[in-house]
Amino acid sequence: MNNRRNVLAAIMIAVMFIGPLSVFSASSPLGTVDQQDGGIGNTTHFTDDALNISVDPKVNDIIAPLFGTPAIKENGQTLTVKMDSQGKEAAGWSVKLKPTNHSAFTETYELPVENVTAGQSHWKDASNIYDVEVVIPKDVPEELYDLEVSYTANGQRKTDEQPHSVKVVKEFNKDFTFLHLTDTHVGSPRNLGSTDDPSTVNAGRLKEAGMWNPDEDKRWLYLQKAIEEVNLKNPDFVVVTGDLMFGQMNPQEYIYEYEETYRMLQKLDVPVYLVPGNHDYYAQDATLTDGAKYWEEYFGPQYFSFDYGPYAHFLGYNSFDWHKFDRSGNGTVSVPTWGGQIREEQLNWVKQDLADNAKTAHPDQIKGLFSHHNPLWQDRDIWPKDDPDVQKYWKQYDEQHNPQKLDTLILGEKLGIDYDQQWHGENANELIDVMKQNNVDLSLHGHTHIDNVTEKDGILYTTTTSVELSGKPWAGFRPFEVKNGEVTNYNYEEPRHSVPVYQNGDTESGVMSLESTYQNPNDGSATKQTVTVFNRLKKEMTVTIPMYLVKGDYAVSEGTVKQDVTSGDKQYIEVEVTVPANSTKEIVAND
């Protein structure tokens, strides 16, 4: 089967890039990589080899907090859990926090129910929504948890769970860190060839892609490595700005890509906030598949906001907010629209959310928006105005949009192949005005697979390279540091580049920039642990080392102990250590 998949991978590359090679040679003011999003592809379904794979919706009764929209709460704070009882009257509520798949702990924590009221949701259309208010007990250790809710409806007991959906902290840090990833593209054949020639199949890239390797541990290695490095950085939270998967090769691709993406992202052991990109939202072959429906079933809302205590307020919004017809393949797997847009309903929600936040905002609060497309980069400005086809397109578009006419879509796709599509549709300037009026500090984006930082009107617009191996100058991610209400650090090296996942950006070598190895199993069975941290970057890195050991009193040889918690017969020690550039450090824990 491995050989067959390798052959299929090569065929996918060849088929996908025969024809519109102008996609890769087209000049663009931004020098983007992602302009091939409008290309045509065809492949054998992975379901041919995995006949039992099927859609498995992850969002059921619990509709907040969710895996992709978690809650971060201090001990003693109230948490509101929103429940959809599927139209039934519900009572007898029980809410618990359970260890995640990363934890060696086994204890669960019952959260006292304080109040239950009728609720509502801006994204979920349901006849019965309950707001179940619970309190985070003082004795719950600082950790990321799965949420479990049980209730009785029509005489039957029901239970639902959401993984990684509640992070408990002892206190919110005024000085905190967060991290930005984007364009992970699970399933992308672009991971297989060299960055300069995507039509090739490179042996090193093939291994790092792990393209449908039957061994899950070897599948999507590039993403696993990025996640391992994120976990080492241990930010207070992570935002991921779309294009989580590829979703463009055949009408049923989302069936397995959403499942794989969901599985992979659960390797993160920090809270993660997700918004969709164009690749996550295509409606291929008009009626067969709608990425918007898949998103709702796996991750929930397409737009939302969250707080990091009093010190940050962030809005995640869907910048691929098009009518289904505009984002449909229209009978082929060619997609006519891959640029950004936000429509009135969502824009009004953004306005209201920022206005509501302003009433209670802490003086040191930073405000950020994040989405897939950057509203600064607008096709009306970027596309050459002296091109007759460009003039014709905007004339047709202005005559009718939402949805566009088919001949307008076809022309827009042609121009997209020539000039790419960035912010392609409505309300970019309106959104920018809303951000300025509400003193927004940050605007985070992806889509282009490049690093770019632009400061304009007091707003820091950062675009981060992709985690997909096509990223330039490398595959990477961007850490942010906030001190006293200001963003103080977001660059790895000039000109304002992100942190490379691979040493020196060399994806073919497979060598990680930041890595840790454990001498003994990290599962609570050892009485001694030695962890070696490799920092192959040009800057010192502060990392967090989690160690699960047999219950006991331990000393560590290096770093600062941030947590030392007993749970049952196990001890959890969390050590923060700074590793100088291009060096190795060993941390030993002894009882």
Side-chain angles (χ1 to χ4, degrees), residues 65-73 100-102 142-146 162-169 172-173 176-186 220 222-245 261-277 280 298-301 304-309 311-317 366 368-372 442-446 462-468 471 475-482 487 489-490 492 498-501 513-514 541-544 546:
L66 299 169
F67 170 65
T69 53
I72 308 174
K73 293 291 181 179
T100 69
N101 54 345
H102 295 289
E142 186 168 276
E143 191 105 13
L144 183 65
Y145 292 94
D146 295 349
Q162 271 293 315
H164 299 210
S165 55
V166 179
K167 175 66 183 287
V168 176
V169 297
F172 292 105
N173 299 313
F176 63 94
T177 63
F178 67 95
L179 200 146
H180 177 208
L181 279 78
T182 191
D183 295 80
T184 58
H185 284 291
V186 166
W220 324 121
Y222 71 98
L223 180 52
Q224 291 194 57
K225 291 178 177 180
I227 289 172
E228 183 178 334
E229 294 177 3
V230 170
N231 288 339
L232 275 171
K233 289 292 293 176
N234 192 36
D236 291 284
F237 58 88
V238 170
V239 299
V240 183
T241 53
D243 276 9
L244 307 185
M245 59 216 75
T261 299
Y262 192 87
R263 178 183 68 82
M264 287 298 302
L265 291 178
Q266 283 188 72
K267 293 180 180 294
L268 284 163
D269 56 16
V270 293
V272 57
Y273 297 90
L274 308 172
V275 291
D280 310 315
Y298 277 77
F299 302 119
F304 57 90
S305 65
F306 73 93
D307 294 319
Y308 177 73
Y311 302 122
H313 183 72
F314 276 82
L315 284 78
Y317 67 95
I366 68 163
L369 271 68
F370 59 100
S371 72
H372 189 59
L442 284 168
S443 190
L444 312 175
H445 309 286
T462 64
T463 293
T464 297
T465 187
S466 64
V467 173
E468 183 191 82
F477 53 82
R478 190 181 296 275
F480 289 79
E481 295 178 11
V482 178
V487 178
N489 189 12
Y490 50 88
Y492 168 63
S498 55
V499 174
V501 172
S513 293
L514 197 60
M541 286 285 150
T542 299
V543 300
T544 299

Please answer whether the main-chain N or O of Arg478 pairs with a side-chain N or O of Ser498 as donor and acceptor at a distance below 3.5 Å.
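No.
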Please check this pair: side chain of His102 against backbone of Lys267, looking for a donor-acceptor N/O pair closer than 3.5 Å.
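It does hold such a pair.
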Rounded to the nearest 0.5 Å, what separation is found between the [atom1] atom of [X] and the [atom2] atom of [Y]?
X      : Y      : atom1 : atom2 : value
Leu179 : Asn234 : CG    : CG    : 10.5 Å
Tyr490 : Phe480 : OH    : CZ    : 8.5 Å
Ile72  : Asp307 : CD1   : CG    : 9.5 Å
Phe172 : Lys73  : CZ    : NZ    : 7.0 Å
Thr184 : Asp243 : OG1   : CG    : 8.0 Å
Thr182 : Leu244 : OG1   : CG    : 8.0 Å

Taking the side chain as every heavy atom from C-beta outward, state whether [X] and [Y] have any pair of such atoms under 4.5 Å apart.
X      : Y      : result
Pro70  : Lys167 : no
Phe299 : Thr69  : no
Leu223 : His185 : no
Asn231 : Leu268 : yes
Leu274 : Leu265 : yes
Asp280 : Met245 : yes
Trp220 : Arg263 : yes
Ser305 : His313 : yes

Side chain to side chain contact (heavy atoms under 4.5 Å, CB included) between Tyr145 and Val168, worked out
CA-CA 8 Å; Tyr145 292 94; Val168 176; 3.9 Å; yes
Quick one: are the ring centres of Tyr308 and Phe178 less than 6.0 Å apart?
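Aromatic pair excluded; centres sit 6.0 Å or further apart.
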Between Tyr273 and Phe370, does the ring centroid distance fall short of 6.0 Å?
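When the ring centroids of Tyr273 and Phe370 are compared, they turn out to be at least 6.0 Å apart.
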Determine the minimum heavy-atom distance between [X] and [Y], stating which atoms define it.
X      : Y      : result
Phe477 : Ala226 : CE2-O, 4.4 Å
Thr177 : Glu481 : CG2-CG, 4.0 Å
Gln162 : Phe67  : OE1-N, 2.8 Å
Ser165 : Asp146 : OG-C, 4.5 Å
Leu444 : Thr462 : CD2-OG1, 3.0 Å
Thr465 : Ala475 : CG2-C, 4.2 Å

Verdict with supporting geometry, Tyr311 and Phe176, ring pair (Phe, Tyr, Trp, His ring centres under 6.0 Å):
CA-CA 9 Å; Tyr311 302 122; Phe176 63 94; 7.2 Å; no
Mind running side-chain hydrogen bond (donor to acceptor under 3.5 Å, both in side chains) on His445 and Ser443 for me, showing each step along the way?
CA-CA 7 Å; His445 309 286; Ser443 190; 2.5 Å; yes
Can you list the steps and then say if Glu229 with Val543 is a side chain to side chain contact (heavy atoms under 4.5 Å, CB included)?
CA-CA 9 Å; Glu229 294 177 3; Val543 300; over 6 Å; no
